[in-house]
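Before any comments, here is the structure.
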Amino acid sequence: MRINITANGEARSLDLDPRTTLLDALREHLKLTGSKKGCDHGQCGACTVLANGTRINACLSLAVMHDGDEVTTIEGLGSPETLHPMQQAFLTHDAFQCGYCTPGQICSAVAMLAEFEAGAPSPETPRGAAPTLSDAEIRERMSGNICRCSAYPQIVAAIRDAAEGRA
Amino acid sequence: MRPFTYERAASAAAAVEAAQAPGARFIAGGTNLLDLMKLDIEAPAHLIDVGRLPMAGIEATDEGGLRIGAMATNTAVASDPLVRARFPMLSEAIVAGGSPQLRNKARVGGNLLQRTRCAYFYDPTKPCNKRQPGSGCGALEGLNRNAAIFGASPSCVATHPSDMAVALTALDARVETLTAGGGARSIPVADLHRAPGDTPHLETALDDGELITAVVVPPAPTGGQAYRKVRDRASYAGGLASVAVAGGRLALGMVALKPWRATAAEAALVDGADPAEAIGRELAGASPLGRNDFKVPLVARLAVATMAEARAAANGGGQG
Ligand SMILES: Cc1cc2nc3c(=O)[nH]c(=O)nc-3n(C[C@H](O)[C@H](O)[C@H](O)COP(=O)(O)OP(=O)(O)OC[C@H]3O[C@@H](n4cnc5c(N)ncnc54)[C@H](O)[C@@H]3O)c2cc1C
Ligand code: SF4
Ligand code: FES
Ligand code: FES
């Protein structure tokens with residue numbers, strides 16, 4: 001099946017077996033290997049990308065379901081010369097060890113702040129109130145991204161810095 | 001994954017018509033169906049993508065309730081100002097499930113129809129009557145710590161994992177559908193999932209190819225609302241038990257193959273029983289299996305705490 005997606009701002013056309021997941025299309029066909037495959041079952045968040053600005057697990061979506069979509073991966077957020085503030089904050093805070101979860105963490109964190117700005121609630125949000133960016137809120141909202149090296153304290157610190165414009 | 005063909009439905013009517021083909025299945029967010037297709041537990045021949053149908057709106061009904069389109073994402077429902085104002089417990093139940101990434105993708109219809117997460121169902125090397133009718137139930141005498149305590153049968157002791165469905169059951173919600181013949185039906189969420197009986201592979205009251213188009217929630221009952229869930233880690237984990245309270249109505253989650261409306265407890269409350277007595281009346285009918293015995297005292301305490309939280313909300317501790 002032929003599909004058209006905009007990957008990191010570039011229009012791409014792909015001829016794919018309908019079974020191809022969005023994650024495999026990005027990694028194997030578009031050679032955007034920044035997004036990682038951890039579990040392939042929605043259980044780890046390593047494959048987190050933005051589809052039309054919303055964070056999703058690319059492993060639990062078919063590429064054909066994204067015909068016409070704009071997809072952003074870690075490669076599209078910033079480049080080594082011009083890092084995204086969230087990428088810079090992760091570097092500054094040493095918010096990783098092996099780095100395998102990091103592209104997913106960073107994509108997730110960027111979208112998480114947008115969800116937060118839009119007032120989306122989490123289990124930490126008091127009933128009827130707007131959320132405040134407490135550490136508990138950051139941790140809960142980032143719970144879809146597992147880090148086996150357990151760099152969680154640094155990840156929270158990096159996200160806080162980026163959110164507060166210090167990165 | 002087995003090979004399949006794929007189409008994006010142009011309209012709800014076209015989707016229902018296409019679904020009459022043998023082996024055809026709807027796909028909404030895909031977060032449950034694709035998970036199972038990767039394990040060959042599901043092997044549809046044709047996928048009809050209903051995710052982009054214009055059925056994602058959330059509107060107030062004349063009676064003071066809400067009509068939620070079946071394609072609304074879990075995140076959109078949980079974040080909606082009307083949902084948060086009228087049914088705060090529904091928003092809280094939704095965000096207790098999965099992760100933000102999953103909730104961004106999952107739709108209302110798909111969430112209701114997600115299948116059990118029983119470990120034997122997920123392991124094609126093990127017997128499972130639900131996956132392969134007649135093969136036996138691996139969980140009955142196996143690792144059944146998260147098995148049902150209500151409504152199970154010797155054929156299947158699995159639980160339904162949805163958080164949202166538990167809240168909708170306590171709220172007396174109904175699903176609206178489009179049937180194969182083009183007709184519309186309205187089914188209480190409480191009647192959507194079947195008891196396992198000796199046919200646990202037959203899971204819902206829907207006909208083949210019947211499309212859920214919306215969920216209709218009636219006005220909130222007086223009295224507060226609350227939802228509590230207990231699980232093995234703080235977030236991003238399926239539940240061991242949950243309780244939804246809406247006024248005098250109670251539904252229990254992850255204790256049966258469907259959201260379990262606690263009618264015996266509700267009747268006891270009407271008769272003036274206190275919360276502990278009332279849930280005790282319900283739990284008198286529980287049939288734990290050994291490894292899941294803990295669910296009985298867990299639900300007892302959880303229900304009392306959730307009823308107290310709902311009462312506090314009704315007394316001005318929130319908008320519930
Ligand atoms: C790691 C993980 C953890 C999770 N934890 C939780 C949790 O804690 N709590 C919880 O509640 N859920 C949890 N989930 C499940 C998740 O919420 C469901 O996968 C999701 O809600 C399914 O919605 P979907 O739109 O992606 O469904 P799909 O996968 O698209 O569809 C599921 C089923 O419904 C059918 N279907 C879909 N829409 C319709 C319709 N409109 N009419 C008729 N049939 C339809 C499909 O044919 C399919 O059989 C978890 C999932 C994962 C992967
Ligand atoms: S409990 Fe149900 S789903 Fe689990 S193994 Fe038994 S039959 Fe299968
Ligand atoms: S690879 Fe997608 S969630 Fe783990
Ligand atoms: S840095 Fe190794 S898994 Fe997170």
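Below, chains carry the letters A, B, ... as their sequence lines are ordered, and counting in each starts from 1. Atoms considered below: every heavy atom in the structure, side chains included; atoms not considered: hydrogens, waters and symmetry mates. Bear in mind the structure is a predicted one, so any value in this text is a computation, not a measurement.
A:I106 is not listed as a side-chain neighbour of A:H84, based on a closest heavy-atom distance of 4.5 Å or more. Proximity of A:L113 to A:L133: side-chain heavy atoms (C-beta onward) are separated by under 4.5 Å at one or more points. Counting only heavy atoms from C-beta outward, the side chains of B:S242 and B:Y227 approach each other to under 4.5 Å. Annotation: side chain of B:L82 is not in contact with side chain of B:F87 (no heavy-atom distance under 4.5 Å). In this structure, B:P124 and B:D40 have side chains that are not in contact, with every pair of non-hydrogen atoms separated by 4.5 Å or more.
For B:I27, the part lying under 4.5 angstrom from a heavy atom of chain A is the side chain only. For B:P81, no part sits under 4.5 Å from any heavy atom of chain A, backbone or side chain. Heavy-atom distances place both the backbone and the side chain of A:M65 under 4.5 Å from chain B. At a 4.5 Å heavy-atom cutoff, the contact between A:C44 and chain B is made by backbone atoms alone. Both the backbone and the side chain of A:D67 come within contact range of chain B, with heavy atoms under 4.5 Å apart. Contacts between B:R2 and chain A at a heavy-atom distance below 4.5 Å involve the backbone alone (N, CA, C, O). With a 4.5 angstrom heavy-atom cutoff, A:S122 touches chain B only via backbone atoms. Heavy atoms closer than 4.5 Å to chain A are found nowhere in B:I94, neither backbone nor side chain. Heavy atoms closer than 4.5 Å to chain B are found in the side chain of A:I146, but not in its backbone. With a 4.5 Å cut-off on non-hydrogen atoms, B:D35 touches chain A through its backbone and its side chain both. Using a 4.5 Å cut-off between heavy atoms, B:S91 touches chain A through its side chain atoms alone. In this structure, chain B has a heavy atom under 4.5 Å from the backbone of A:R141, while its side chain stays farther away.
More than 12 heavy-atom neighbours from other residues, nucleotides or ligands sit within 6.0 angstrom of CZ on A:R166. Summarising the local packing, CD of A:E70 is surrounded by 12 or fewer heavy atoms from other residues, nucleotides or ligands at distances under 6.0 Å.
Heavy-atom pairs under 4.5 Å with chain B peak, among A:T21, A:I56, A:T125, A:N145, at A:I56. When each of A:T54, A:D17, A:L62 is scored by its heavy-atom pairs under 4.5 Å with chain B, the top score falls to A:L62. Comparing B:G98, B:P100, B:A237, B:A76 by how many heavy-atom pairs each has under 4.5 Å with chain A, the most go to B:P100. Heavy-atom pairs under 4.5 Å with chain B were tallied for A:Q43, A:M142, A:M112; the largest tally goes to A:Q43.
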Scan the side chains in residues 29-36 of chain A for donor-acceptor partners under 3.5 Å anywhere in the protein, sequence neighbours excluded, and list what turns up.
from, atom 1, to, atom 2, distance (Å)
A:K31, NZ, A:E28, O, 2.8
A:K36, NZ, A:T33, O, 2.6
A:K36, NZ, A:G34, O, 3.4

Could you list the donor-acceptor pairs under 3.5 angstrom formed between side-chain atoms of residues 303-314 of chain B and any protein atom two or more places apart in sequence or on another chain?
from, atom 1, to, atom 2, distance (Å)
B:T306, OG1, B:L302, O, 2.6
B:E309, OE1, B:R228, NE, 2.6
B:E309, OE1, B:R228, NH2, 3.0

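Here the options are B:L66, B:V215, B:V77, the test is side chain to side chain contact (heavy atoms under 4.5 Å, CB included), and the partner is B:L90; only B:V77 passes.
At a threshold of 4.0 Å, the pair B:R145-B:D232 counts as salt-bridged, since one of the basic side-chain nitrogens sits closer than that to a carboxylate oxygen.
Evaluation of the salt bridge (Lys or Arg N to Asp or Glu O under 4.0 Å) rule for B:K38 yields A:D40 as partners, not counting sequence neighbours.
For residues 103-121 of chain B, heavy-atom neighbours of chain A at less than 4.5 Å comprise B:N104, B:K105, B:R117, sorted by residue number.
Note: A:T92 OG1 to A:Q87 CD = 11.5 Å, rounded to the nearest 0.5 Å.
No hydrogens or angles considered: nothing links the side chains of A:T48 and A:S108 as a donor-acceptor pair under 3.5 Å.
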